[in-house]
Amino acid sequence: MNKVAKYLNEHLSGEVASQDFALSQVEVDNGLLARRPEMIVRAANMNDIRKVMRFCSQLAEKGHVLPVFVRGCGNDETGAATNKGIAIDEKTYMNRVIGIDPRQQLIHAQAGISLSAINATLSTHKGLGLPRTSYVAEEGTIGGAINTAPSGILSGAHGRFADAVQQLEIVLSNGDVIQTGRISRRELSKKKGLSTFEGEIYREIDNLISDNAELISQMDPALPDTVGYSGISRVKQRRVI
Ligand SMILES: Cc1cc2nc3c(=O)[nH]c(=O)nc-3n(C[C@H](O)[C@H](O)[C@H](O)COP(=O)(O)OP(=O)(O)OC[C@H]3O[C@@H](n4cnc5c(N)ncnc54)[C@H](O)[C@@H]3O)c2cc1C
């Protein structure tokens, strides 16, 4: 185990794996590209992920770049679930439903839970379930599905996956945590006034939207694209389509 892996193993509640056998399991996804990480961090909780991100951003400031990526089940075919550096695995320990509110049709889950496990929980309440897409593998994680924003021939009937997401808790590259969700104008101006990385993100996105207002107005917000470009036209819409 190298120095970084040893250090992280001592400081995380989860564990770090760097054996050849473990690394060979994550060096390809469902596609052809192969990239072997130096270690896999099996995060036990969000704090573990924060520590990894903070550690890597401090290393980067000193000129040593150690890439970090999340690995779900590796169903993707683009190579996006492979990289050098640190693979964060959330499916081993961060795979639970935190709560469910059937009245509001809300489920709160950790990112490493599989779509089939979420659907199994939802199926105990009449009429609830994840939007079905045509292709997405049921054993894939919710984190992977949200990241790839899947849609397919069933999306017209069941809605798009991205539209079913109400709120996300995100660990930023410097280890800060933000909660996303629809906010009022007043909340937006508060966020933009923050001197943190979160404030910078809100300011940059707001500028991007106002600098490109004409281009964005030509986009169809209902367009079922899976790359997220048309999503920018929904950011300031009153009601999500
Ligand atoms: C045959 C096939 C067809 C597909 N067709 C479509 C399609 O038509 N439309 C479509 O949109 N998708 C499609 N996909 C992709 C599909 O959405 C993903 O394969 C799957 O949902 C990802 O789940 P996973 O757990 O396997 O994620 P992985 O494959 O492990 O990861 C996918 C991506 O998500 C990122 N990721 C995973 N977890 C997290 C997390 N917690 N936080 C941040 N990022 C994360 C990874 O870094 C990677 O970039 C297809 C996949 C297959 C195998």
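Counting begins at 1 with the first residue of the sequence. Just so you know, ligand 1 is whichever comes first in the structure, and atom 1 is the first atom listed for that ligand.
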Check your understanding: What is the distance from atom CG of Leu128 to atom CD1 of Ile107, rounded to the nearest 0.5 Å?
Key ->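 The distance works out to 8.5 Å.
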Exercise for review: Measure the spacing between OG1 of Thr180 and CD of Gln167 and express it to the nearest 0.5 Å.
Suggested key: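 Going from OG1 on Thr180 over to CD on Gln167, the span is 6.0 Å.
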Review point. For atom 53 (C) of ligand 1, which of Ile88, Thr141, Asn75, Asp89 has the closest heavy atom?
Key: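 Going through Ile88, Thr141, Asn75, Asp89 one by one, Asn75 has the nearest heavy atom to atom 53 (C) of ligand 1.
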**Study point:** Shortest heavy-atom approach to atom 19 (O) of ligand 1 - which of Ile49, Asn83, Asp76, Val70
**Key:**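 Result: the heavy atom closest to atom 19 (O) of ligand 1 is in Asp76.
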**Study point:** Contacts of type side-chain contact (heavy atoms from CB on, under 4.5 Å), residue Asp101, not counting sequence neighbours
**Key:**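 Only Arg103, Gln104, Leu106 meet the side-chain contact (heavy atoms from CB on, under 4.5 Å) criterion with Asp101.
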Check your understanding: If you draw a 6.0 Å radius around CD1 in Ile98, do more than 12 non-hydrogen atoms from other residues or ligands fall strictly inside?
Key ->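 Enclosed.
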**Study point:** ring pair (Phe, Tyr, Trp, His ring centres under 6.0 Å) against Phe197, all qualifying residues, sequence neighbours excluded
**Key:**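 Listed in chain order: nothing, the list is empty.
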Heteroatom proximity flag, [X] to ligand 1, N/O under 3.5 Å:
X      : value
Asn147 : yes
Gly72  : yes
Gly74  : yes

State the atoms of ligand 1, each with its element, that fall below the 4.0 Å cut-off from a heavy-atom position in [X].
X      : answer
Ala149 : 11 (O)
Cys73  : 24 (P), 25 (O), 26 (O), 27 (O), 30 (O)
Thr148 : 11 (O), 16 (C), 17 (O), 18 (C), 21 (O), 32 (C), 33 (C)
Ala80  : 47 (O), 48 (C), 49 (O)
Glu77  : 1 (C)
Ala111 : 41 (N)

Review point. Is ligand 1 under 4.0 Å from a heavy atom in the side chain of Pro150, in the backbone, in both, or in neither?
Key: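 The answer is both, backbone and side chain.
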Point to revise | Per-residue contact class, Glu90 against ligand 1 - non-hydrogen pairs under 4.0 Å | key: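 Glu90 to ligand 1: side-chain contact only, backbone stays beyond 4.0 Å.
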Check your understanding: Below 4.0 angstrom, N of the basic side chain to O of the carboxylate: do Asp206 and Lys191 qualify?
Key ->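 Looking at Lys191 together with Asp206, the answer is no, because their closest N to O distance does not fall below 4.0 Å.
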Check your understanding: Looking at Asp48 and Arg42, does any basic side-chain N land under 4.0 Å from a carboxylate oxygen?
Key ->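 Not counted as a salt bridge, because no side-chain N and carboxylate O are separated by less than 4.0 Å.
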Review point. Does Asn30 reach ligand 1, in the sense of a heavy atom lying below 4.0 Å from it?
Key: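 Right, Asn30 reaches ligand 1.
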Exercise for review: Mind running side chain to side chain contact (heavy atoms under 4.5 Å, CB included) on Arg96 and Ile113 for me, showing each step along the way?
Suggested key: CA-CA 6 Å; Arg96 285 191 295 273; Ile113 193 170; 5.9 Å; no
Point to revise | Sole residue of Ile86, Leu23, Thr82 in side-chain contact (heavy atoms from CB on, under 4.5 Å) with Pro37 | key: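 In the set Ile86, Leu23, Thr82, the residue that makes a side-chain contact (heavy atoms from CB on, under 4.5 Å) with Pro37 is Leu23.
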